[in-house]
Amino acid sequence: MLDLKFIRDNRNLVRNGAEAKGITISLDEIFILDDKRRALIQEGDALKAKRNLVSAQVGKIKKQGGDAGAVIAEMESVKNRIQEIDPEIRDIELNLNSLLLTVPNVPHPSVPIGKTPADNKEIFRWGEMLITDFPLKPHWELTEKLGIVDFDRGAKVSGAGFPFYVGKGATLERALINFFLDQATERGYKEIMPPIVVNEDSARGTGQIPDKEDLMYIVERDKLYMIPTAEVPVTNFHREEQLNEKDLPIRYAAYTPCFRREAGSYGKDVRGLNRLHQFDKVELVKFVHPSKSYDELESLRQDAEHLLQLLGLPYHTLLMCTGDMGFTQSKKYDLEVWAPGQQKWLEVSSCSNFESFQARRMNIKFRPGNGGKSEIVHTLNGSGLALPRVVAALTEHYQTPEGKVIIPKALHQYTKFEVIG
RNA sequence: GGAGAGGUGCGAGAGUGGUUGAAUCGACCGGUCUCGAAAACCGGAAUAGCCGCAAGGUUAUCGAGGGUUCGAAUCCCUCCCUCUCCGCCA
């Protein structure tokens, strides 16, 4: 959420930002409530000041054995008015708060204005799209023939979108996880393995509830939420904490399974490994000094890109336009890997700077080294990387005319085999 | 599931009705000492809202909500959370 004062002082910026994201908000209502709130606070505080003063006098009078009855009676009306005002203020603040949650983060000036994915800007392209003299197969044909991913039994046991990885497929999955984690560690991230269900407070902290509940599997009975991404537990790791400035930046890399209901997204891009209900992902999360967050976004993006380069998979990087970037981000890059068997770009990473938007809601601050007032940290996260689509692109890119899959060199030490099939 | 203990500032941890916004220690900031640093010593500093150009003033905050009282961290009620022991399970 944004700071109310910031909204007050930058109403046009906030209004235009929301409009660019295609989100309708009502700032006027916020300002009306805020004015009311402040008026009531002023009245209430004055009355309370009076009450405190008088009650000190009462103490003195009683100590001297005098009769404070008259003064106490006089306070009756003050007391009553305070009892009217306080609940009213609380009511207004509750309202105000839920309105504040409807105000989206302001896009960074470098973000292109746009409405649809077509307005995203390709800022980088790496690798050669594969051209072959034999017809390329999509990964679902390859994996089925090789027996490394079993969608049918997954559907039987759990449902569509819950595949089994089998044999070398399972090993490949495990190899990629280890490879990603090792690379992250080498680049300065601390490995962390979080719980994969979280409580309500955590789900609220990163903004999964109240409005993205439909995306999640919920363990109703225990009020627990299965995480849609490691971002949720890892960002909440420091919720309600005051960090030391000298500890910043804090960088974490976490592997978790991720669970997504994907309600309403059936029918498009759902073949094979393109869209699953459960998938593996290594997530990179950063807590940084506000002055460094855009530098950290660039390095985050490069950390993710580096993985695709080591795997030798062609990809491009998109700077997301205002309309396609989401509610909480101020700037976001998507990495898309080229899947030649489907002739499609597949999103494998999304790297975002949230500035103070998440951290304010979670109350994560740091105390500056010079002894000044504590400030809200900036948070960022990005996938590094989401596995299934990497497996999809990898099998399609490294397939042979006979339907085998060559394992890229970077993974050999992890797989202990160099070819599948 | 059964029984008990506890939730206080950045952290540890005192405090059972009236200068307690809160002892003490640590972390932090400033200074003395030093070529420099460490140690030692001295000093500073809670967070948030509101008013104010500022200095400053004022209100709230000791898990959350309510109650008693002129006055509550301190007494009463409800709820939430954590820990320990027992049982069950990995």
Side-chain angles (χ1 to χ4, degrees), chain A residues 1-9 30-100 193 195-205 209 219-225 233 236-250 287-290 356 359-377:
Chain A
M1 64 195 286
L2 291 174
D3 183 27
L4 177 54
K5 260 191 207 144
F6 176 85
I7 298 176
R8 226 191 277 149
D9 298 340
I30 289 175
F31 294 136
I32 289 168
L33 280 176
D34 183 41
D35 288 345
K36 226 192 224 168
R37 165 180 156 269
R38 286 193 284 168
L40 285 171
I41 285 175
Q42 282 172 49
E43 187 187 349
D45 279 6
L47 291 173
K48 284 173 188 171
K50 190 171 179 187
R51 182 188 63 185
N52 289 344
L53 201 73
V54 169
S55 113
Q57 285 169 358
V58 169
K60 266 186 212 156
I61 293 172
K62 287 201 167 175
K63 229 176 221 168
Q64 291 164 1
D67 178 15
V71 192
I72 292 171
E74 202 182 307
M75 281 296 100
E76 189 65 18
S77 68
V78 170
K79 195 176 172 181
N80 289 342
R81 182 60 185 146
I82 289 174
Q83 273 173 352
E84 273 171 29
I85 290 177
D86 275 350
E88 208 175 328
I89 292 175
R90 211 173 36 177
D91 238 46
I92 288 175
E93 286 185 341
L94 232 58
N95 255 315
L96 202 51
N97 229 321
S98 58
L99 279 176
L100 284 178
M193 186 173 268
I196 60 172
V197 293
V198 297
N199 62 26
E200 279 188 297
D201 286 344
S202 299
R204 195 171 299 114
I209 55 175
V219 185
E220 189 64 48
R221 183 172 156 150
D222 297 295
K223 286 265 185 329
L224 292 171
Y225 298 79
N236 274 283
F237 189 66
H238 289 299
R239 174 156 51 86
E240 310 286 343
E241 287 185 24
Q242 187 157 135
L243 308 168
N244 260 324
E245 184 180 37
K246 66 173 191 289
D247 293 334
L248 301 179
I250 297 173
F287 302 83
V288 309
H289 192 283
S356 59
R360 180 169 298 106
R361 195 199 292 215
M362 280 191 278
N363 198 20
I364 306 174
K365 301 177 177 176
F366 70 95
R367 186 179 290 282
N370 61 19
K373 265 173 117 51
S374 59
E375 286 180 59
I376 313 252
V377 299

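Below, all heavy atoms of this structure are taken into account, side chains as well, without hydrogens, waters or symmetry copies. Since we're looking at a predicted model, the values are computed, not measured. Just so we're on the same page: letters track the sequence lines, and every chain starts at 1.
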Between [X] ([atom1]) and [N] ([atom2]), how many Å, whole number?
| X | N | atom1 | atom2 | value |
| --- | --- | --- | --- | --- |
| A/N244 | B/C29 | CG | C1' | 12 Å |
| A/R38 | B/G49 | CZ | C1' | 11 Å |
| A/I41 | B/U61 | CD1 | C1' | 14 Å |
| A/E245 | B/C29 | CD | P | 9 Å |
| A/E93 | B/G49 | CD | C1' | 8 Å |
| A/I376 | B/C10 | CD1 | P | 14 Å |
| A/K5 | B/G52 | NZ | P | 12 Å |
| A/E240 | B/G63 | CD | C1' | 11 Å |

With rounding to the closest Å, how many angstrom separate the [atom1] atoms on [N] and [M]?
| N | M | atom1 | value |
| --- | --- | --- | --- |
| B/C75 | B/A14 | P | 16 Å |
| B/U16 | B/A72 | C1' | 10 Å |
| B/G63 | B/U58 | C1' | 27 Å |
| B/U68 | B/C76 | C1' | 7 Å |
| B/A55 | B/A12 | C1' | 36 Å |
| B/C50 | B/G30 | C1' | 31 Å |
| B/A38 | B/A73 | C1' | 40 Å |
| B/G18 | B/C25 | C1' | 28 Å |

Legend entry - Trace of the salt bridge (Lys or Arg N to Asp or Glu O under 4.0 Å) decision for A/E375 with A/K365: CA-CA 5 Å; A/E375 286 180 59; A/K365 301 177 177 176; over 6 Å; no

Checking base pairs now: Watson-Crick or wobble, both atom distances under 3.5 Å. What partners [N]?
| N | result |
| --- | --- |
| B/U58 | B/G49 |
| B/C85 | B/G2 |
| B/A23 | none |
| B/G18 | B/C70 |
| B/C41 | B/G31 |
| B/A64 | B/U78 |

Check the interface with nucleotides 7-9 of chain B: list each N/O to N/O pair with the protein under 3.5 Å, or write none.
none

Inset, instruction - Mark yes or no for whether A/N199, through its side chain, and A/D201, through its backbone, hold a donor-acceptor pair below 3.5 Å. - result: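 Yes, the answer is positive, given that a donor and an acceptor are paired below the 3.5 Å cut-off.
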
Legend entry - Side chain A/R361, main chain A/M1, donor-acceptor under 3.5 Å: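 No, the answer is negative, given that no donor and acceptor are paired below the 3.5 Å cut-off.
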
Do [X] and [Y] come close enough that some side-chain heavy atom pair is under 4.5 Å?
| X | Y | value |
| --- | --- | --- |
| A/R38 | A/D34 | yes |
| A/F6 | A/S356 | no |
| A/P249 | A/H289 | no |

Given [options], which nucleotide is nearest the side-chain atoms of [X]?
| X | options | answer |
| --- | --- | --- |
| A/R8 | B/U59, B/C50, B/A27 | B/C50 |
| A/K365 | B/U47, B/C50, B/C10 | B/U47 |
| A/D45 | B/U59, B/C50, B/A27 | B/U59 |

Inset, instruction - Please round to the nearest 0.5 Å and tell me the distance separating atom CG of A/L94 and atom CD1 of A/I89. - result: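 Separation between the atoms: 13.0 Å.
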
Inset, instruction - Please say which of A/R239, A/H238, A/E241, A/E240 ends up in a side-chain hydrogen bond (donor to acceptor under 3.5 Å, both in side chains) with A/N363. - result: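 Per the side-chain hydrogen bond (donor to acceptor under 3.5 Å, both in side chains) rule, the option paired with A/N363 is A/E240, out of A/R239, A/H238, A/E241, A/E240.
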
Inset, instruction - Would you mind telling me which residue lines up with the more 5' stretch of RNA chain B, A/G44 or A/D3, judged by nearest nucleotide? - result: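 Here A/D3 is the residue nearer the 5' end.
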
Legend entry - Whichever of A/Q242 and A/K246 has its nearest RNA chain B nucleotide further upstream toward 5':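 Nearer the 5' end of the strand: A/Q242.
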
Legend entry - Short N-O contact, A/D9 and A/K5, less than 4.0 angstrom: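 Looking at A/D9 and A/K5, the cut-off is not met.
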
Inset, instruction - For the pair A/E245 and A/R367, find out whether any cationic side-chain nitrogen is under 4.0 Å from an anionic carboxylate oxygen. - result: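 Looking at A/R367 together with A/E245, the answer is no, because their closest N to O distance does not fall below 4.0 Å.
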
Please tell me if [X] has a side-chain N or O lying less than 4.0 Å from either OP1 or OP2 of [N].
| X | N | value |
| --- | --- | --- |
| A/K48 | B/U61 | no |
| A/R37 | B/C50 | yes |
| A/Q42 | B/C51 | yes |

Inset, instruction - Would you indicate what A/K223 reaches in the nucleic acid, counting non-hydrogen atoms under 4.0 angstrom: base, sugar-phosphate, or nothing? - result: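 Nothing, no heavy atom under 4.0 Å.
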
Inset, instruction - Look at all strands and tell whether A/R360 reaches a base, only sugar-phosphate, or nothing, counting heavy atoms closer than 4.0 Å. - result: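 Touches nothing.
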
